[in-house]
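Here the structure is a predicted model, which is why all the values come from computation and not from measurement. Position 1 is the first residue of the sequence, and the numbers go up from there.
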Amino acid sequence: MRCGIAGGFAVALHGAVRGTIDLDAVLALDRLNYEAAEAALTSLGFVGRLPVTAGEIFANRDDYIENRNLIAWSFIDREGS
């Protein structure tokens with residue numbers, strides 16, 4: 001999987017003290033990468049906030065951005081652990 005870490009967590013990795021409870025990742029734009037990210041996150045117990053798959057996100061990306069204002073594909077830990 002090709003990705004990068006961004007946001008507060010990335011700042012903390014560089015040694016700056018910054019409280020954060022989320023992890024922002026930037027994915028390389030290809031279907032297999034999206035599917036690998038989805039598989040990795042779901043294997044850790046995370047679920048998508050939206051009822052769509054990686055394939056749907058990739059196939060309909062332009063529509064989701066232009067007509068549905070999707071700017072992030074979010075996953076959450078429903079168990080809260």
Side-chain angles (χ1 to χ4, degrees):
M1 179 172 58
R2 296 177 307 156
C3 68
I5 304 301
F9 197 83
V11 170
L13 289 174
H14 285 280
V17 177
R18 170 120 190 253
T20 186
I21 60 170
D22 67 336
L23 174 72
D24 304 303
V26 180
L27 301 176
L29 185 59
D30 67 66
R31 184 182 203 106
L32 292 176
N33 202 51
Y34 274 44
E35 290 170 348
E38 179 181 48
L41 290 166
T42 57
S43 76
L44 294 170
F46 292 93
V47 294
R49 284 186 187 260
L50 300 175
V52 293
T53 65
E56 292 169 324
I57 291 284
F58 190 79
N60 301 300
R61 183 176 174 271
D62 291 337
D63 176 54
Y64 288 169
I65 292 170
E66 293 171 17
N67 300 315
R68 300 173 191 215
N69 299 316
L70 180 69
I71 58 171
W73 182 32
S74 302
F75 283 78
I76 60 172
D77 178 4
R78 291 210 191 276
E79 301 298 319
S81 54

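Distance CG/Leu27 to CD1/Ile57: 10.5 Å, rounded to 0.5 Å. Atoms CG and CD, from Asn33 and Glu38 in turn, are 12.0 Å apart once rounded to the nearest 0.5 Å.
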Side-chain polar contacts of residues 43-51 - donor-acceptor pairs under 3.5 angstrom, sequence neighbours left out - could you list them?
residue : atom : partner : partner atom : Å
Ser43   : OG   : Ala39   : O            : 3.4
Ser43   : OG   : Ala40   : O            : 2.7

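Under the rule for a salt bridge (Lys or Arg N to Asp or Glu O under 4.0 Å), the partners of Asp63 that lie at least two apart in sequence or sit in another chain are Arg68. Checked against side-chain contact (heavy atoms from CB on, under 4.5 Å), Leu29 has the following partners two or more places apart in sequence or in another chain: Tyr34, Phe58, Arg61. Listed by chain and residue number, Val52, Thr53, Asn60, Tyr64 satisfy the side-chain contact (heavy atoms from CB on, under 4.5 Å) test with Glu56 (two or more places apart in sequence, or in another chain).
Applying the salt bridge (Lys or Arg N to Asp or Glu O under 4.0 Å) rule to pairs touching residues 25-37 yields Arg2-Asp30, Arg31-Glu35, sequence neighbours excluded.
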